[in-house]
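Okay, so here's the structure we're looking at.
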Amino acid sequence: MTAPTVAVIMGSDSDLPTMQGAIDILREFDVPVSIRILSAHRTPDEMLGFARTAADTNIGVIIAGAGGAAHLPGMVASATTLPVIGVPVVASSMQTLGGVDALLSMVQMPAGIPVATVAIGNAKNAGLLAIRILAIADSGLRDKMASYQQAMHDTVVAKDTNIAAQRD
Ligand code: RP5
């Protein structure tokens with residue numbers, strides 16, 4: 001069986017610089033990524049077509065980023081059984097409310113249709129959460145995640161040692 005893919009979808013190519021954070025960390029962990037531009041408002045048929053068939057493909061987790069009236073993650077979640085992680089984007093090409101508009105659109109889902117929403121612009125955490133979900137059934141990925149966390153730990157300890165040397 002081939003390794004599950006994480007689908008990174010976004011409402012516009014203007015979201016790509018933000019969503020790159022998810023793509024980069026997934027590639028760092030050697031997780032296969034498929035990238036799509038699917039707009040809940042501009043290409044609703046394509047978005048629903050994707051969502052309705054995603055669970056029948058090799059996709060294991062969907063990461064969906066959008067800005068403004070960000071309905072993409074919620075609408076996709078309504079038409080799939082796969083876990084959906086939402087990334088609120090600060091839309092670059094329109095007047096926005098600093099991403100709070102997108103955050104509230106994603107996080108205030110009605111009971112029954114969950115979207116696991118990360119912080120505004122924090123696509124990296126969406127990627128890491130997707131990896132943790134896939135790691136439930138993949139011990140190799142679990143080991144990589146443990147190493148990643150250990151490296152972060154060691155970095156902070158080194159910084160603490162360094163700052164202590166300057167302080168004392
Ligand atoms: C949303 O509208 C997209 O996710 C994007 O963040 C925002 C603006 O899109 P563009 O006008 O830049 O294509 O649907």
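As the structure is a prediction and not an experimental result, all values here were calculated from the model. Numbering of ligands and ligand atoms starts at 1, following listing order. Just the heavy atoms: all of them, side chains too, but no hydrogens, waters or symmetry mates, feed the values below.
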Give a yes/no verdict on whether any heavy atom in His41 is under 4.0 Å from an atom of ligand 1. no
Quick one: does Ser39 get an N or O within less than 3.5 Å of an N or O on ligand 1? no
Spacing of Asp24 atom CG and Lys124 atom NZ [to the nearest 0.5 Å]: 9.0 Å
Are Leu129 and Val115 linked, directly or through intermediate hydrophobic residues, by side-chain heavy-atom contacts shorter than 4.5 Å (ILVMFWY only)? no
I need the atoms of ligand 1 closer than 4.0 Å to a non-hydrogen atom of Ala66, numbered in the order shown. 4 (O)
Would a distance-only check, ignoring hydrogens and angles, find a side-chain to backbone donor-acceptor pair under 3.5 Å from Asp13 to Ile37? no
Protein heavy-atom partner closest to atom 8 (C) of ligand 1 - residue, atom, separation in Å: Ser93 OG, 3.6 Å
Pairwise distance OG(Ser105) to CG(Leu72) - rounded to 0.5 angstrom: 11.5 Å
At a 4.0 Å threshold, what atoms of ligand 1 neighbour a non-hydrogen atom of Asp15? 3 (C), 4 (O), 5 (C), 6 (O)
With a cut-off of 4.0 Å, which atoms of ligand 1 are near a heavy atom of Ser14? 9 (O), 10 (P), 12 (O)
Hey, which of Ile23, Ile25, Val6 is the one that makes side chain to side chain contact (heavy atoms under 4.5 Å, CB included) with Val31? Val6
Looking only at heavy atoms, which two atoms of Leu141 and Asp138 are closest? And how far apart? N-OD1, 3.0 Å
Counting each atom of ligand 1 from 1 as listed, which ones have a heavy atom of Ala91 under 4.0 Å away? 6 (O), 7 (C)
Return the closest protein heavy atom for atom 2 (O) of ligand 1 as residue, atom name and distance. Gly67 O, 3.9 Å
